[in-house]
Amino acid sequence: AQKVTQTQTSISVVEKTTVTMDCVYETRDSSYFLFWYKQTASGEIVFLIRQDSYKKENATVGHYSLNFQKPKSSIGLIITATQIEDSAVYFCAMREASSGSWQLIFGSGTQLTVMP
Amino acid sequence: NAGVIQTPRHKVTGKGQEATLWCEPISGHSAVFWYRQTIVQGLEFLTYFRNQAPIDDSGMPKERFSAQMPNQSHSTLKIQSTQPQDSAVYLCASSLGPNYAEQFFGPGTRLTVL
């Protein structure tokens, strides 16, 4: 069965520092996609970054990067040079590639607070 | 390009009334998804369409919930005889196609059932 687990409920950091958010997943599929989304205080859910399971290189977009450890079924999100506006809830999600369904399975989210 | 549009943004219904939620996907996107978000259950998949055809409704409550996509520019989620436990934010998302796995979300409709 598919499952995505985020054990960190909340994290607080000082701005301009680096933060890492953890995510582990379970799947029987040999091919899958992993995503990180951000939900702002207004409720908007924004796609941040994606990692395809067959790619060995960690994805990077702007000041977001991933730490993909396939043997550990782990996909951590790293935010460098954090800004106040990075404060949000961050969701990890997975989609299996081989199944007929394109549904996303979400983790429970991590609340990030960036303090001045 | 406009993002995913959802209307209404807020809806209040009385117990037993019907609620219809609307979604307009991003133009050119072939897949449309419905999710529900609550504090207790988090983000849950409900159903999705690909090229207007229903593909997977495994997350839909079997009674009272139905979804349609009559044309490529909009989808509806209908909840009959709403109950207080249906109160949630209902989110619509769309994606470009099989090689573009990321989904783009609308602002959601907050449904409150009194």
Side-chain angles (χ1 to χ4, degrees), chain A residues 1-10 23 25 27 29 31-55 59 61-62 64 66 75 77 88-111, chain B residues 1-6 8-10 23 25-26 29-51 53-60 67 69 88-112:
Chain A
Q2 306 174 65
K3 188 177 181 181
V4 176
T5 303
Q6 296 177 253
T7 56
Q8 300 159 305
T9 305
S10 63
C23 174
Y25 57 90
T27 178
D29 204 336
S31 180
Y32 47 90
F33 305 99
L34 300 163
F35 309 88
W36 280 89
Y37 285 84
K38 163 185 175 180
Q39 186 168 33
T40 64
S42 67
E44 181 186 15
I45 297 177
V46 179
F47 165 70
L48 297 177
I49 192 168
R50 158 186 166 180
Q51 179 79 39
D52 297 351
S53 62
Y54 66 90
K55 292 186 177 179
V61 176
Y64 303 108
L66 297 177
I75 183 75
L77 173 68
V89 178
Y90 289 79
F91 291 97
C92 177
M94 175 178 66
R95 192 202 111 181
E96 294 179 338
S98 302
S99 72
S101 179
W102 294 358
Q103 64 171 283
L104 294 178
I105 303 298
F106 286 89
S108 55
T110 297
Q111 172 75 59
Chain B
N1 282 336
V4 175
I5 298 171
Q6 290 189 249
R9 294 293 309 276
H10 302 273
C23 170
I26 295 171
H29 280 198
S30 64
V32 173
F33 304 79
W34 286 96
Y35 294 85
R36 176 168 67 179
Q37 186 176 28
T38 61
I39 298 294
V40 174
Q41 298 294 331
L43 279 155
E44 301 176 284
F45 167 77
L46 294 175
T47 186
Y48 94 98
F49 299 84
R50 194 186 309 159
N51 296 320
I55 301 298
D56 180 1
D57 66 354
S58 59
M60 289 275 273
M69 190 162 186
V89 176
Y90 290 83
L91 293 149
C92 178
S94 68
S95 72
L96 193 54
N99 295 323
Y100 300 87
E102 53 268 33
Q103 298 175 18
F104 297 90
F105 283 79
T109 295
R110 180 174 295 277
L111 175 67
T112 302

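Only a predicted model underlies this, so the values are computations on that prediction, with no experimental measurement involved. The sequence lines fix the lettering, A, B, ..., with proteins before strands; numbering per chain opens at 1.
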To the nearest 0.5 Å, how far apart are CD in B:E102 and OH in A:Y37?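 B:E102 CD to A:Y37 OH: 7.0 Å, rounded to 0.5 Å.
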
Please report the interatomic distance CH2(A:W102) to CD(B:Q103), rounded to the nearest 0.5 Å.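 Taking CH2 in A:W102 and CD in B:Q103, the distance rounds to 9.5 Å.
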
Per-residue contact mode, [X] against chain A (heavy atom under 4.5 angstrom):
X     : result
B:S58 : side chain
B:R50 : side chain
B:L46 : neither

Quick one: are A:Q39 and B:F105 in side-chain contact, heavy atoms under 4.5 Å? no

Are B:L43 and A:L104 close enough that some pair of their side-chain heavy atoms sits under 4.5 Å apart? no

Among residues at least two apart in sequence or on other chains, which ones pass salt bridge (Lys or Arg N to Asp or Glu O under 4.0 Å) with B:R36? B:E44

Residue pairs fulfilling salt bridge (charged side-chain N to carboxylate O under 4.0 Å, His left out) with at least one residue in residues 34-46 of chain A, sequence neighbours excluded: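 Of all non-adjacent pairs touching residues 34-46 of chain A, none passes salt bridge (charged side-chain N to carboxylate O under 4.0 Å, His left out).
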
Please state whether the rings of B:Y35 and A:F106 are parallel, tilted or perpendicular, taking 30° and 60° as the class boundaries.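 The arrangement is perpendicular - the two ring planes meet at more than 60°.
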
Minimum heavy-atom distance between A:F91 and B:Q37, given as atom pair plus value: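 Smallest heavy-atom distance, with atoms named: CZ-NE2, 3.7 Å.
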
